[in-house]
Number of protein chains: 2
Amino acid sequence: MRVSKEVMADHRTQILDAAAQLFRARGFEGVSVAELMKQAGLTHGGFYGHFSSKEDLIARALERLLLQSTKKWENVMEQADGDPIVAFAKSYLGMAHRSGEGCLFPTLGADLARLPADTRVNFAKPLSSFFESIAKFFRGKSHKDRRQASIVAFASLIGAVVLAQAVEDKSFSNEMLEAVSASLAKQQRLSTG
Amino acid sequence: MRVSKEVMADHRTQILDAAAQLFRARGFEGVSVAELMKQAGLTHGGFYGHFSSKEDLIARALERLLLQSTKKWENVMEQADGDPIVAFAKSYLGMAHRSGEGCLFPTLGADLARLPADTRVNFAKPLSSFFESIAKFFRGKSHKDRRQASIVAFASLIGAVVLAQAVEDKSFSNEMLEAVSASLAKQQRLSTG
DNA sequence: ATTATCTATAGATCTATAGATAATGC
DNA sequence: ATTATCTATAGATCTATAGATAATGC
């Protein structure tokens, strides 16, 4: 059942997309290769024609997801109606509820720390570039100050989603998400006005 | 090889301590019952005399760890030399590097979200109490403002550790940890002064 | 006599591979 | 002829249990 080169490339993309979604929903260990391939519409054994191992897939899927996400968020800020940071926070927190979507750091954060070093190496560059490209939306005397503000803002968003996910009480979850959202909005108002 | 009631209680504590450490280092799925019992100095099969299942152990271990941690952090703040929040941030971020120690939210955050609902229910109350008890160290017009500030500060600390863990580059990790630490210190200086 | 712990193993699950199959592309 | 995909399975690992063992505590 051989397929054309183009179709094979599509299959690879389907596997990567399924991986990005399932891994965020259930973690690396919560998804078997067989289930992943089923979601991608292919059979179990075919997986190893596309990737050398599950570890290999994890590295490729994360690479792709991080680049896609940072690009998307940069777009949200560039095209924002009001304050770019407030628009980003709203978009970021809004996706957090939908399983298998949203940012990879809150949903895979702990798993990322346990990846082999050579996979984690690839994270530094796109993440640092992301901070560089959003730093301009923050106020601060120096570029260093603006970069620092972007790191703090991103960290608080990640933490808010981690906390919100950990508790079952929806109103408490919302309180924590809104606390961070309101704090970012307030800070932008202060520095802008 | 029956042991006394007291010794059995000790064994239970040993299992819970081993769980708290191993789970934070490698996640729930990264630790087998056999390995856990070996670390606790007992044999595999004996586990089921103490807990009905691995799920049961996870719930008990998290319950205990959350109460222990919040108590410890409250102490750090109460007994702080300088600003309590700065002391907390220093202590919190300082432990983040040591594997199997530190806060459960950055090291288990993603795994927490995937726990059954009845386990996650137990998280809300101690977490909310924690915010209540540290709110007094923040400045703000109303209690609601102070509680909000405590949520935002905690979220930014969690996010900082998640980000720092995800990248291999140590100097980049430190940059992110220090950005959050410096931002909290600055905010306390502003509101205190 | 009761029961906490131990050894051994059943049953399920998961990664990775081997060998067969059938469509592409020279 | 080449090769992407499929079926089937080997080998490893993990949770949970069954039955034996030996020390406690009435």
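From a predicted model like this one, the values you see are computed outputs, not experimental measurements.
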Take the protein atom [atom1] of [X] and the nucleotide atom [atom2] of [N], then report the distance between them rounded to whole Å.
| X | N | atom1 | atom2 | answer |
| --- | --- | --- | --- | --- |
| A:M37 | C:dT15 | CE | C1' | 13 Å |
| B:K54 | C:dA12 | NZ | P | 19 Å |
| A:K5 | D:dT3 | NZ | C1' | 12 Å |
| B:M8 | D:dA22 | CE | C1' | 15 Å |
| A:K38 | D:dT7 | NZ | C1' | 15 Å |
| A:E29 | D:dT13 | CD | P | 14 Å |
| B:E55 | D:dT15 | CD | C1' | 12 Å |
| A:E6 | C:dG25 | CD | P | 7 Å |

Where the side chain of [X] is concerned, which of [options] is the nearest nucleotide?
| X | options | value |
| --- | --- | --- |
| B:H44 | C:dC6, D:dT15, C:dT24 | D:dT15 |
| B:L42 | C:dA16, D:dT5, C:dC6 | C:dC6 |
| A:S32 | C:dT7, C:dT24, C:dT15 | C:dT15 |

* To do: Verify the ring-centre separation between A:F137 and A:F88: is it less than 6.0 angstrom?
  =>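 So the answer is no for these two rings.
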Look at [X] and [N] and indicate whether a side-chain polar atom (N or O) is within less than 4.0 Å of OP1 or OP2.
| X | N | value |
| --- | --- | --- |
| A:Y48 | C:dA16 | yes |
| B:H11 | C:dT5 | yes |
| A:H50 | D:dT5 | yes |

* Side-chain touch A:T13/A:L16, heavy atoms, less than 4.5 angstrom ->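 With C-beta onward as the side chain, the pair stays apart.
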* Under the 3.5 Å rule, do the base of C:dT21 and the side chain of A:R2 count as making a donor-acceptor pair? ->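 No, no donor-acceptor pair under 3.5 Å.
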* Asked: So which one's nearest nucleotide on DNA chain D is more toward 5', B:S52 or B:V3?
  ->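 Final value for this comparison: B:S52.
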* Asked: Where each residue is assigned the nucleotide of DNA chain D containing its nearest heavy atom, which of B:A34 and A:G45 is assigned the position nearer the 5′ end?
  ->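 Whichever sits nearer the 5' end wins; that is A:G45.
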* Asked: If you measure only the distance, is there a donor-acceptor pair under 3.5 Å linking the side chains of B:T119 and B:R60?
  ->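 B:R60 and B:T119 do not have a side-chain donor-acceptor pair below 3.5 Å.
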* Specify whether A:W73 and A:Y92 have parallel, tilted or perpendicular ring planes, treating 30° as the upper limit for parallel and 60° as the lower limit for perpendicular. =>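 Tilted.
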* Donor-acceptor under 3.5 Å (B:R26 side chain, A:R114 main chain) ->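 Looks like no, no N/O pair under 3.5 Å.
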* Asked: For C:dA20, what is the paired nucleotide under Watson-Crick or G-U wobble rules, both distances under 3.5 Å?
  ->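 For C:dA20, the partner nucleotide comes out as D:dT5, under the 3.5 Å rule.
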